[in-house]
*Asks:* 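Got a structure for you, questions after.
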Amino acid sequence: MKTLNTFYIRTYGCQMNELDSEIISTQLQMRELKKVDDEETADIIILNTCSIRDLSEKKVLGKLFEYKKDKKDKIIGVCGCMAMSQKETLLKKFPHLDFLLGTNNLLDINKILDNILSKKLQEKRVDLNYEIGLENFFAKRENKIKSSISIVRGCNNFCSYCIVPQTRGKEVSRDSMSIVKEAKYLANEGLKEITLLGQNVNSYGLDKPNSKILFPDLLYMLDKIDGIERIRFMTSHPKDITKDLMLAIRDLKKVCEFVHFPMQSGSNKILKAMRRTYTIEYYLEKVNLLKSIVPNVTIGTDIIVGFPDETDEDFDQTYKLFDKIKFDTAFIFAYSPRKNTLASRYDDNISNTLKQQRLQKLLKLFHKILEDKYRKLIGTKKEILVERFNKDKKILKGRSREFEKIIFEGDEKLIGSLQMIDLESFSHQTLIGRLTNNKNF
Ligand code: SAH
Ligand code: SF4
Ligand code: F3S
C-alpha cells in the first residue's frame with residue numbers, strides 16, 4: 001500500500017457526530033495527514049455515520065456501494081453510529097471496507113491505521129463502554145467563532161423508538177474540571193460561543209452519585225470564563241429539566257435564552273408508547289414555569305409523526321399543542337422503525353403517505369407561527385454573534401441569543417463580534433436587518 005498523505009471525512013447526523021469528526025481529524029493531523037475536501041484525491045475516506053432513521057443509513061450504504069465499484073487503493077472506514085448499530089454485518093457486507101470505528105473508540109483511529117498498514121486485514125473497534133481518554137482529548141476546531149463541547153456521552157433513556165442508547169452506550173458525564181479546561185482552551189483559541197452537548201444535558205452528574213456538580217452548577221462554572229460570550233446547550237429531556245436550570249438561564253449573563261426541549265408528541269397515549277416518561281400536563285407545566293422564570297425564552301422541539309397506532313385524534317392533539325406552545329424551532333420527523341428497539345416490535349401501521357401528510361401539515365403550521373413571530377419582531381433590535389459570510393461574501397449571518405437566524409450587510413471585520421441589529425424584514429426562516437448605528441447598547 002502506498003504511503004498515506006491525505007484524508008477526507010464526511011459527517012452525517014447530529015452535532016455530537018460533528019464534534020467526533022473533529023476529534024478524529026485532530027488525531028490524523030497529529031500524524032501529519034492533511035485533510036482534503038475532495039474524496040477523489042484522498043488516501044483515506046472516512047464516513048462518520050448516523051443511524052437515527054432509515055434514510056440516514058441509506059445515504060451511507062449508497063456511498064459504500066459506490067466505493068465498492070471504485071475503491072482504487074484508498075483506505076475506507078465507517079465511524080459513528082452505523083459502526084455500532086451494524087457492527088456485526090457491515091464488514092462482511094462490504095469486503096472493500098477497511099475498518100469500523102465506534103463512537104466510544106475515537107482515540108483508536110491511529111492504531112487502526114497502523115494495523116491496516118501492517119496486517120492488511122479489516123479492523124474493528126466498537127466498544128459499548130466509554131473510552132476514558134476521551135475525557136481529556138481536546139479536538140482542534142475548524143470553526144474559530146463557535147463550537148461544541150461534549151459533557152455527557154451516551155443515553156440511559158431507551159425511548160422506545162430510538163437507536164441512540166445502542167449506538168452510544170451508557171450515559172457517562174465528563175469530569176467538570178475537564179469541561180472547564182476545554183472551554184478555557186476554546187476561549188484561548190478565540191472562540192466566542194460554546195454549545196454543551198449531551199443526549200440529555202439535564203442528567204449531567206446524575207450518573208456519579210458522589211458528584212455534587214449537576215448541570216446548573218456546571219453552567220455557573222462556565223459562565224465565569226473570560227472570552228466566552230455565549231453558552232448554549234442541547235438537548236434537554238423534559239423529564240429532568242429543573243427549576244435550578246431555569247434560574248441559571250435567567251441569572252447567568254452568558255447562558256442564552258433558548259431551550260431545545262423535545263415534546264415528541266402531544267398525545268399521552270403516544271408518549272407512553274414512546275416511553276418518554278412524562279405526560280403532556282407535566283410538559284406544559286415545565287414550559288409554563290420556564291416561560292414565567294425566563295419571559296423572553298424561546299423553545300425548540302422535535303416531533304415524531306406516524307408513530308405506530310397514532311390516530312387522527314392523537315395527531316390532532318399534537319397539532320393543537322404545537323399551536324398553543326408556538327415553538328420557535330422545530331424538527332419534525334416521520335417515524336422510522338429501528339432494529340432492536342422496543343417500538344420495532346410494534347406494527348408500523350401508519351402509511352408513508354399519511355406520515356408525510358401529517359409532517360407537511362405541522363411544517364405549515366410551524367412556518368405560520370414563525371411568520372407571525374417575525375412580523376412582530378420587525379422594528380425591534382437583537383444582539384447577534386456574527387458568524388460568517390454567505391456564499392456571495394456580501395451578506396453576514398449570525399444568530400440572536402434566542403437562536404433566530406439574522407442576516408445583514410456588513411464588513412468582514414465584524415465576524416466574531418457581538419453586534420446590535422435593527423430588524424427590518426424577513427424571508428423564509430431568516431430575519432433581515434441592518435447594523436444599529438448607536439454602538440452604546
Ligand atoms: N436525545 C435527544 C434526541 C436525539 S435524536 C432527545 O431525547 O431529545 C433526535 C431526534 O430524532 C429525536 O428527538 C426524535 O424526534 C428523532 N428520532 C429518534 N428516533 C427516531 C425514529 N426512529 N424515527 C423518527 N425520528 C426519530
Ligand atoms: Fe434517544 Fe430518548 Fe435517549 Fe433522546 S433521550 S437519545 S430520544 S433514547
Ligand atoms: Fe447523532 Fe445520528 Fe448517532 S443523531 S447520536 S449521529 S444516530
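Each ligand, and each atom within it, is numbered from 1 in the order the structure gives. All values reported here derive from a predicted model rather than from experimental measurement. By convention here, the first residue in the shown sequence is residue 1.
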*Asks:* Enter the distance from Leu219:CG to Ile249:CD1 here, rounded to the nearest 0.5 Å.
*Replies:*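 Rounded to the nearest 0.5 Å, the CG-CD1 separation comes out at 7.5 Å.
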*Asks:* Among all protein heavy atoms in this structure, tell me which lies nearest to atom 7 (S) of ligand 2, with the distance rounded to 0.1 Å.
*Replies:* Tyr161 OH, 3.4 Å
*Asks:* To check your reading of the model: name the closest protein heavy atom to atom 7 (O) of ligand 1, its residue, and the distance in Å.
*Replies:*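 Closest protein heavy atom to atom 7 (O) of ligand 1: Arg276 NH1, 3.3 Å.
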*Asks:* Is the contact between Arg53 and ligand 1 made by the side chain, the backbone, both, or neither, using heavy atoms and a 4.0 Å cut-off?
*Replies:* side chain
*Asks:* Under a 3.5 Å cutoff, is there a donor and acceptor pairing between the side chains of Gln15 and Thr195?
*Replies:* no
*Asks:* With a cut-off of 6.0 Å (strictly less than), are more than 12 heavy atoms of other residues, nucleotides or ligands near NZ of Lys144?
*Replies:*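 Result for NZ/Lys144: enclosed.
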*Asks:* Nearest non-hydrogen contact with atom 10 (C) of ligand 1 belongs to which option: Ile163, Asp302, Asp54?
*Replies:* Asp302
*Asks:* Should the proximity of Met16 to ligand 3, defined as any heavy atom under 4.0 Å, be assigned to the side chain, the backbone, both, or neither?
*Replies:* neither
*Asks:* What closest approach, in Å, do Asp127 and Asn105 show between heavy atoms, and which atom pair accounts for it?
*Replies:* N-OD1, 2.8 Å
*Asks:* Considering only the protein, which heavy-atom contact is closest to atom 1 (Fe) of ligand 3, and what is its distance?
*Replies:* Cys14 SG, 2.3 Å
*Asks:* Within the structure, is a non-hydrogen atom of Ser51 found at a distance of less than 4.0 Å from ligand 3?
*Replies:*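 Right, Ser51 reaches ligand 3.
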*Asks:* Could you report the tightest heavy-atom contact between Asn17 and Asn48, atom names first, then the distance?
*Replies:* O-ND2, 3.0 Å
*Asks:* Under the salt bridge (charged side-chain N to carboxylate O under 4.0 Å, His left out) test against Glu39, which residue among Arg10, Lys63, Lys71 passes?
*Replies:*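 Of all the options given, the one that passes is Lys63.
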*Asks:* Where do Glu281 and Asn268 land on the side chain to side chain donor-acceptor pair (under 3.5 Å) test, with the steps shown first?
*Replies:* CA-CA 9 Å; Glu281 292 72 25; Asn268 279 334; 3.0 Å; yes
*Asks:* Show the atoms of ligand 3 that are less than 4.0 angstrom away from any heavy atom in Gln199.
*Replies:*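 Checking each atom against Gln199, I get 5 (S).
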*Asks:* So, 2.8 Å as the limit: is an N/O/S atom of Cys81 located closer than that to atom 3 (Fe) of ligand 3?
*Replies:* yes
*Asks:* Among protein heavy atoms, which sits nearest to atom 5 (S) of ligand 3, and what does the distance come to when rounded to 0.1 Å?
*Replies:* Arg168 NE, 3.3 Å
*Asks:* So, 4.0 Å and heavy atoms of Arg168: is ligand 1 close enough to count as a contact?
*Replies:*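 For ligand 1, residue contact (heavy atoms, under 4.0 Å) with Arg168 is absent.
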*Asks:* Tell me how many protein N, O or S atoms are within a distance shorter than 2.8 Å of atom 2 (Fe) of ligand 2.
*Replies:* 1
*Asks:* Among Phe158, Tyr204, Tyr278, Tyr282, which one satisfies ring-ring contact (aromatic ring centres under 6.0 Å, His included) with His237?
*Replies:* Tyr278
*Asks:* Below 4.0 Å, non-hydrogen atoms only: which portion of Cys14 touches ligand 1? Side chain, backbone, both or neither.
*Replies:*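 It is neither; nothing of Cys14 touches ligand 1.
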*Asks:* Give the numbers and elements of all ligand 3 atoms closer than 4.0 Å to a heavy atom of Cys50.
*Replies:* 2 (Fe), 4 (S), 6 (S), 7 (S)
*Asks:* To the closest 0.5 Å, what do you measure between CG (Asp20) and SG (Cys79)?
*Replies:*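 Between atom CG of Asp20 and atom SG of Cys79 there are 9.0 Å.
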*Asks:* Locate the shortest heavy-atom distance separating Phe137 from Thr26; write the atom from each residue and the value.
*Replies:*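 Taking every non-hydrogen atom into account, CZ-CG2, 3.9 Å.
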*Asks:* Within a radius of less than 6.0 Å around NZ of Lys87, do more than 12 heavy atoms belonging to other residues, nucleotides or ligands occur?
*Replies:* yes
*Asks:* Is ligand 1 less than 4.0 angstrom away from at least one heavy atom of Ile52?
*Replies:* yes
*Asks:* What pairs with Asp207 under salt bridge (charged side-chain N to carboxylate O under 4.0 Å, His left out), at least two apart in sequence or on another chain?
*Replies:* none
*Asks:* Using a heavy-atom cut-off of under 4.0 Å, does the side chain or the backbone of Tyr161 touch ligand 1, or both, or neither?
*Replies:* both
*Asks:* Taking atom types as modelled and ignoring hydrogens, do the side chains of Glu189 and Ser147 form a donor-acceptor contact shorter than 3.5 angstrom?
*Replies:*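 There is no such pair (donor and acceptor under 3.5 Å, judged by atom type) between the side chains of Glu189 and Ser147.
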*Asks:* Which residue and atom name correspond to the protein heavy atom nearest atom 15 (O) of ligand 1, and how close is it?
*Replies:* Gln264 OE1, 2.8 Å
*Asks:* So is Val164 touching ligand 1 or not, going by heavy atoms under 4.0 Å?
*Replies:*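 Contact check Val164 vs ligand 1: negative.
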*Asks:* Just jot down the ligand 3 atoms closer than 4.0 angstrom to any heavy atom of Asn17, in number order.
*Replies:*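 Once the distances to Asn17 are compared, the set is 6 (S).
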*Asks:* Please confirm whether Pro337 approaches ligand 1 to less than 4.0 Å, judged on its heavy atoms.
*Replies:* no
*Asks:* Does a side chain donor of either Tyr335 or Glu310 reach within less than 3.5 Å of an acceptor in the other side chain?
*Replies:* no
*Asks:* Can an N or O of Ser336 be found at a distance shorter than 3.5 Å from an N or O of ligand 1?
*Replies:*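 Yes, at least one N or O pair falls under 3.5 Å.
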*Asks:* For Phe261 and Ile241, what are the C-alpha separation, side-chain angles and deciding distance, and is it a side chain to side chain contact (heavy atoms under 4.5 Å, CB included)?
*Replies:* CA-CA 9 Å; Phe261 184 42; Ile241 190 164; 3.5 Å; yes
